[in-house]
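Data first, discussion second: the structure below is written as structure tokens.
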Amino acid sequence: MLKIFKIGGNVVDNPEKLDKFLTDFSTIEGKKILVHGGGKIATPVSKALGIETTMINGRRVTDGETLKVVTMVYAGLINKTIVSKLQKLGTNSIGLCGADGKFIVSRKRSAEPVDYGFVGDPDVDKFGVDTAQRLIDNGFNIVVAPITYSEEGDLLNTNADTVAQTIALGMSKIYDTELIYCFEKPGVLMDVDDDSSVIKSITPEYFEQLKTDSVVADGMLPKIENAIRAVRGGVKSVVICSSDCIKREGYGGTVITE
């Protein structure tokens with residue numbers, strides 16, 4: 001079994017949560033990959049460099065100058081910080097972005113209806129399974145930053161949930177694969193203000209009902225959409241849970257099923 005964990009920006013931004021997660025991650029035996037989000041540090045770095053941050057519908061517009069910042073922060077500072085912490089914990093790791101070893105090829109997103117700039121949508125059919133397998137077989141734990149690349153040679157800012165889904169779909173061709181989305185909440189909640197209201201299981205049909213009833217919205221929508229695509233594509237198990245619970249049997253949280 002290959003386990004693919006994805007941690008969100010709210011975990012990356014919280015030193016205590018990040019350290020606890022990495023300590024737990026380091027004790028999990030077997031093959032594993034960690035995908036991390038970008039967190040909020042790109043915004044103050046941009047400000048310090050005099051680069052204006054533009055958001056549309058809560059999403060960062062990645063123009064040419066912003067691309068330089070997110071590449072430095074996500075594939076540089078955050079990725080290497082996580083790798084160094086794992087080395088301290090005795091977990092031999094290697095940090096990659098999508099451009100390394102032809103790992104994740106993306107298509108630059110169309111400027112219609114909204115131009116988000118240098119943003120990529122991964123092509124799972126071109127995922128670098130061989131690159132991942134060689135590293136895993138040689139004992140490395142792979143830590144992946146959400147920067148991918150196009151065949152035209154552009155670096156592309158890419159949604160980390162989608163990066164994790166792409167890796168899970170690609171690796172499911174050779175391994176039984178489990179995808180675990182970890183964030184600051186215990187799972188998908190029926191009431192966002194009540195951490196005890198975890199929805200235990202979500203099917204595609206139930207997801208449509210939850211959307212209609214506005215139970216799930218905003219950033220949770222693409223997370224569940226990615227999870228559903230992973231399950232439908234052959235990933236054995238997908239769970240959305242707290243980053244504090246990865247050592248718990250079944251992880252608690254919300255299981256995504258067909």
Side-chain angles (χ1 to χ4, degrees), residues 1-42 44-45 70-98 100-101 103-104 131-132 135-147 158-168 171 175 177-187 195 219 223 226-227 230 237-254:
M1 173 72 75
L2 170 67
K3 297 184 179 185
I4 299 168
F5 294 89
K6 184 268 173 175
I7 50 172
N10 286 332
V11 178
V12 170
D13 287 333
N14 186 315
E16 291 184 1
K17 280 190 173 294
L18 179 60
D19 285 347
K20 182 183 187 311
F21 172 86
L22 294 177
T23 299
D24 291 345
F25 177 84
S26 69
T27 67
I28 293 173
E29 297 183 355
K31 299 177 177 68
K32 56 194 176 186
I33 294 174
L34 174 59
V35 179
H36 62 81
K40 298 175 181 176
I41 193 172
V45 170
V70 297
T71 301
M72 288 188 292
V73 172
Y74 302 168
L77 178 61
I78 294 174
N79 187 265
K80 301 315 173 191
T81 296
I82 289 173
V83 169
S84 67
K85 287 177 179 289
L86 288 173
Q87 302 294 18
K88 178 183 177 182
L89 293 164
T91 300
N92 193 18
S93 302
I94 188 165
L96 303 179
C97 76
D100 297 309
F103 198 51
I104 303 173
T131 298
L135 292 170
I136 290 170
D137 288 348
N138 280 282
F140 288 104
N141 296 278
I142 306 172
V143 180
V144 186
I147 300 291
T158 305
N159 179 275
D161 288 341
T162 307
V163 167
Q165 175 235 105
T166 301
I167 295 171
M171 298 307 289
Y175 298 115
T177 301
E178 189 172 50
L179 175 59
I180 307 101
Y181 285 114
C182 304
F183 70 142
E184 72 279 7
K185 294 291 186 178
D195 282 359
K223 192 180 298 292
N226 276 301
S237 171
V238 183
V239 180
I240 300 173
C241 66
S242 167
S243 62
D244 292 333
C245 295
I246 64 171
K247 293 186 69 176
R248 178 177 169 183
E249 184 176 357
Y251 310 110
T254 304

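When a residue number appears, it is its place in the shown sequence, counting from 1. Values below: all heavy atoms of this structure, side chains included; hydrogens, waters and symmetry mates excluded.
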Checking side-chain contact (heavy atoms from CB on, under 4.5 Å) against Val143, which of Ile94, Leu22, Ile82 comes through?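 Output: one option passes, namely Ile82.
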Evaluate the side chain to side chain contact (heavy atoms under 4.5 Å, CB included) criterion for residues Phe140 and Asn92: first the C-alpha distance (whole Å), next the side-chain angles of each, then the deciding distance (0.1 Å), finally the verdict. CA-CA 6 Å; Phe140 288 104; Asn92 193 18; 3.7 Å; yes
Say you draw a straight line from [atom1] of [X] to [atom2] of [Y]; how long is it, rounded to the nearest 0.5 Å?
X	Y	atom1	atom2	answer
Lys3	Ile180	NZ	CD1	6.5 Å
Lys20	Asn14	NZ	CG	12.0 Å
Phe5	Tyr181	CZ	OH	13.5 Å
Leu179	Leu2	CG	CG	10.0 Å

Which atom names give the shortest non-hydrogen contact between [X] and [Y], and what distance separates them?
X	Y	result
Val238	Ala230	CG2-CB, 4.0 Å
Lys80	Ala75	CE-O, 4.0 Å
Val163	Ile104	CG1-CD1, 3.6 Å
Gly250	Val239	O-CG1, 4.3 Å

Check the side chains of Tyr251 and Glu178 for a donor-acceptor pair under 3.5 angstrom, ignoring hydrogens and angles.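 A donor-acceptor contact under 3.5 Å links the two side chains.
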List the steps, then state whether side chain to side chain contact (heavy atoms under 4.5 Å, CB included) holds for Phe21 with Ile7. CA-CA 9 Å; Phe21 172 86; Ile7 50 172; 3.5 Å; yes
Contacts under 3.5 angstrom, residues 27-39 side chains, donor-acceptor by atom type, not counting sequence neighbours:
residue : atom : partner : partner atom : Å
Thr27   : OG1  : Asp24   : O            : 2.7
Lys32   : NZ   : Phe25   : O            : 2.6
Lys32   : NZ   : Ile28   : O            : 2.6
His36   : NE2  : Asn79   : ND2          : 3.1

Look at Asp13 together with Lys40 and state whether they make a salt bridge at an N to O cut-off of under 4.0 Å.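 A salt bridge is absent here (no side-chain N lies under 4.0 Å from a carboxylate O).
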Minimum side-chain heavy-atom gap Cys182-Cys241 below 4.5 Å: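 SC-SC contact between Cys182 and Cys241 confirmed.
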Write out all pairs satisfying side-chain hydrogen bond (donor to acceptor under 3.5 Å, both in side chains) with one or both partners inside residues 237-250, taking only residues at least two apart or from two chains.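 Checked against side-chain hydrogen bond (donor to acceptor under 3.5 Å, both in side chains) - neighbours excluded - the pairs reaching residues 237-250 are Lys17-Asp244.
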